[in-house]
2 protein chains.
Amino acid sequence: MTEEERLRADAQLNRERILSAAREAFAANPDASLNSIAKAAGVGAGTLYRHFPTREALVLGVYRHEIQQLVDLAPALLEQHAPLVAMRLWLDRLAHYGRMKYGINDVLHAAMTPSVLGQTYGPMVEAIDQLLKAAEALGLIPPGTDAEDLLLLLGFLWRIPPGPRATAQADRLIDLVITGLKGGR
Amino acid sequence: MTEEERLRADAQLNRERILSAAREAFAANPDASLNSIAKAAGVGAGTLYRHFPTREALVLGVYRHEIQQLVDLAPALLEQHAPLVAMRLWLDRLAHYGRMKYGINDVLHAAMTPSVLGQTYGPMVEAIDQLLKAAEALGLIPPGTDAEDLLLLLGFLWRIPPGPRATAQADRLIDLVITGLKGGR
DNA sequence: ACCTGAACACCGTTCAAGT
DNA sequence: ACCTGAACACCGTTCAAGT
């Protein structure tokens with residue numbers, strides 16, 4: 001990233017310290033306070049706020065790579081599988097992220113909101129759109145399903161109550177969604 | 001309610017003052033602080049906390065009647081319409097609640113969580129179950145869909161971004177869900 | 001039996017002062 | 001140009017003291 005290069009050396013170091021401390025803190029407790037993260041990072045509160053003006057921005061910074069992996073996975077799956085199989089596998093992967101307790105729930109929620117910082121929202125929608133378009137092209141689903149609609153619908157994935165039944169419930173609901181997508185075909 | 005009758009007269013009055021103040025406060029701002037609500041109700045903070053130990057409990061108290069109306073609506077609709085039509089109308093109503101900005105989003109979220117205070121969760125699941133069972137009985141949908149699954153899935157209704165497109169988006173997604181329920185029939 | 005409201009620990013956010 | 005950290009206003013929650 002060019003933006004990162006332009007930072008002064010100490011600023012760059014602080015940024016990495018904050019991200020590292022936040023990663024640990026969120027893993028232990030998704031609601032960790034920003035002040036406590038700043039302290040753990042050995043950094044003034046104001047420094048954290050300049051690097052990450054909002055809580056969402058910080059969470060997004062922490063999970064940037066994970067989200068990118070998810071986005072990159074869509075075209076990769078489409079190369080190796082039939083569209084609806086790729087869709088299914090991608091949704092399983094999304095559900096997997098939803099189930100980890102790293103507080104990634106919040107980030108995906110943030111990634112789902114077409115907010116100002118939505119550098120992540122766009123790519124997520126695009127990934128889903130690729131999957132939809134591939135299935136449409138083969139006539140597997142009726143055309144016209146909106147990728148943003150689907151992303152909104154998929155929000156249930158990170159609200160599944162944790163526990164041994166979580167995976168089965170996710171599977172059942174993904175089945176229902178895919179059936180809905182096929183629209184009677 | 002027998003419990004309410006057993007309250008001392010002043011306690012009963014305070015309870016009503018709190019609910020009334022909370023209703024107004026939440027209408028203006030769903031994130032209104034509990035202290036500010038206690039002050040607006042002319043009541044000590046401790047009093048609010050004894051009546052409603054958690055924020056959820058207070059929000060639930062405020063919207064108790066609205067939720068009850070929604071629950072009662074399911075059997076009423078089933079008497080006058082075919083099961084899938086009743087389902088559709090009920091979901092429209094649910095979406096309508098989701099769209100009002102009264103902070104009812106929070107309450108429905110609370111009503112969806114099988115939490116300790118779930119006096120509302122049970123009835124909501126039951127209402128959905130009635131709609132599902134009626135459709136199953138006529139073979140309109142395959143048997144076995146779990147009402148709790150469906151309620152979880154429906155969470156998108158109160159996360160629809162407000163605006164002129166909200167209604168249309170809700171309609172599209174409800175269509176998709178109903179198609180998914182029908183499972184190819 | 002119920003209520004009050006000061007007090008506590010903590011939160012997000014800002015900003016003067018430093019380097 | 002960037003950082004520090006005290007300070008501010010506010011939060012949820014508790015609990016001794018009242019009636």
Side-chain angles (χ1 to χ4, degrees), chain A residues 1-26 28-62 103 106-107 109-110 113 115-117, chain B residues 1-26 28-62 103 106-107 109-110 113 115-117:
Chain A
M1 292 285 146
T2 323
E3 330 147 17
E4 287 185 14
E5 310 289 346
R6 291 193 199 285
L7 285 175
R8 223 171 61 178
D10 55 343
Q12 174 66 24
L13 182 61
N14 275 335
R15 193 190 155 86
E16 279 161 18
R17 278 185 182 150
I18 291 169
L19 283 175
S20 170
R23 198 181 306 271
E24 274 189 54
F26 288 145
N29 170 23
D31 297 326
S33 81
L34 300 188
N35 278 341
S36 73
I37 290 174
K39 182 171 287 185
V43 143
T47 301
L48 187 149
Y49 274 84
R50 189 164 346 84
H51 282 286
F52 304 99
T54 70
R55 184 187 190 81
E56 264 191 2
L58 177 58
V59 181
L60 231 45
V62 167
D106 296 333
V107 102
H109 185 274
T113 309
S115 76
V116 189
L117 21 106
Chain B
M1 293 285 145
T2 323
E3 331 145 19
E4 287 186 13
E5 310 289 347
R6 291 193 201 284
L7 284 176
R8 224 171 62 178
D10 56 343
Q12 173 66 25
L13 183 61
N14 276 334
R15 191 190 155 86
E16 279 161 18
R17 276 185 182 151
I18 292 168
L19 283 174
S20 170
R23 198 181 306 271
E24 276 189 53
F26 287 145
N29 170 23
D31 298 326
S33 81
L34 300 188
N35 278 342
S36 73
I37 290 174
K39 182 171 287 184
V43 143
T47 301
L48 187 149
Y49 274 84
R50 192 167 340 87
H51 282 287
F52 304 99
T54 70
R55 186 189 188 81
E56 264 192 3
L58 177 58
V59 181
L60 230 45
V62 168
D106 296 333
V107 101
H109 185 274
T113 310
S115 75
V116 189
L117 23 106

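Just the heavy atoms: all of them, side chains too, but no hydrogens, waters or symmetry mates, feed the values below. Residue numbers start from 1 in every chain, and the chains themselves are labelled A, B, ... in the order their sequence lines are given, proteins ahead of strands.
Spacing between atom CD of A/E56 and atom P of C/dT13 amounts to 12 Å, rounded to whole angstrom units. Nucleotide D/dC3 holds its P atom 19 Å from the NZ atom of A/K39, rounded to whole Å. One interatomic measurement links the two molecules: CG of B/L58 to P of D/dC11, which rounds to 15 Å at whole-angstrom precision. We find that CG of B/L48 is positioned 10 Å from P of D/dG12, with the value rounded to whole Å. When the P atom of D/dC11 is taken as reference, atom CG of B/N29 falls 10 Å away, rounded to whole Å. A straight line from OH of A/Y49 to P of D/dA6 spans 16 Å, rounded to a whole angstrom. Between the CZ atom of B/F52 and the P atom of C/dC3 there is a distance of 11 Å, rounded to whole Å. Rounded to whole angstrom, the span from the CG atom of A/D31 across to the C1' atom of D/dC11 amounts to 15 Å.
Taking the nucleotide of DNA chain C with the nearest heavy atom to each of A/A32 and A/G46, the more 5' of the two is matched to A/A32. Toward the 5' end of DNA chain D, the nearer of the two residues A/N35 and A/G42, judged by each one's closest nucleotide, is A/G42.
With D/dT14, C/dC3, C/dT13 as the choices, the nucleotide that has an atom nearest any side-chain atom of B/R50 turns out to be C/dC3. When distances run from any side-chain atom of A/R8 to the nucleotides D/dC2, C/dC2, D/dT4, the shortest one goes to D/dC2. The B/L34 side chain lies nearest to D/dT13 when the options are D/dT4, D/dT13, C/dC3. Considering only the side chain of A/V43, D/dT4 comes nearest among C/dC3, D/dG12, D/dT4. When each of D/dC3, C/dC3, D/dG12 is scored by its nearest atom to the side-chain atoms of B/R55, the top-ranked nucleotide is D/dG12. Picking from D/dG12, C/dG12, D/dC3 the nucleotide with the shortest atom distance to the side chain of A/A11 gives D/dC3. For B/A45, whose side chain is taken as the heavy atoms from C-beta onward, the closest listed nucleotide among C/dG5, C/dT4, D/dG12 is C/dG5.
To the nearest 0.5 Å, atom CZ of residue A/R15 and atom CZ of residue A/R8 are 15.5 Å apart. Between atom OG1 of residue B/T47 and atom NE2 of residue B/H51 there is a gap of 6.5 Å, rounded to the nearest 0.5 Å. Taking OG of B/S20 as the start and CD1 of B/I18 as the end, the distance is 10.5 Å to the nearest 0.5 Å.
Taking 4.0 angstrom as the limit, A/S33 places a side-chain polar atom (N or O) nearer than this to OP1 or OP2 of C/dG12. Taking 4.0 angstrom as the limit, A/H51 places a side-chain polar atom (N or O) nearer than this to OP1 or OP2 of D/dC3.
Counting only Watson-Crick and G-U wobble pairs whose two distances sit under 3.5 Å, DNA chain C takes part in these stems of three or more pairs: C:4-8 with D:12-16, C:12-16 with D:4-8.
Just one of A/L19, A/L48, A/V43 meets the side-chain contact (heavy atoms from CB on, under 4.5 Å) condition when paired with A/N14; it is A/V43.
A donor-acceptor distance shorter than 3.5 angstrom exists from the side chain of B/R23 to the backbone of B/V62, with no hydrogens or angles considered.
Summarising the geometry of B/L34 relative to B/R55, their closest heavy-atom pair is CD2-NH1, 3.7 Å, with the distance given to 0.1 Å. Of all the heavy atoms in A/A21 and A/I37, the pair that sits closest is CB-O, 3.9 Å.
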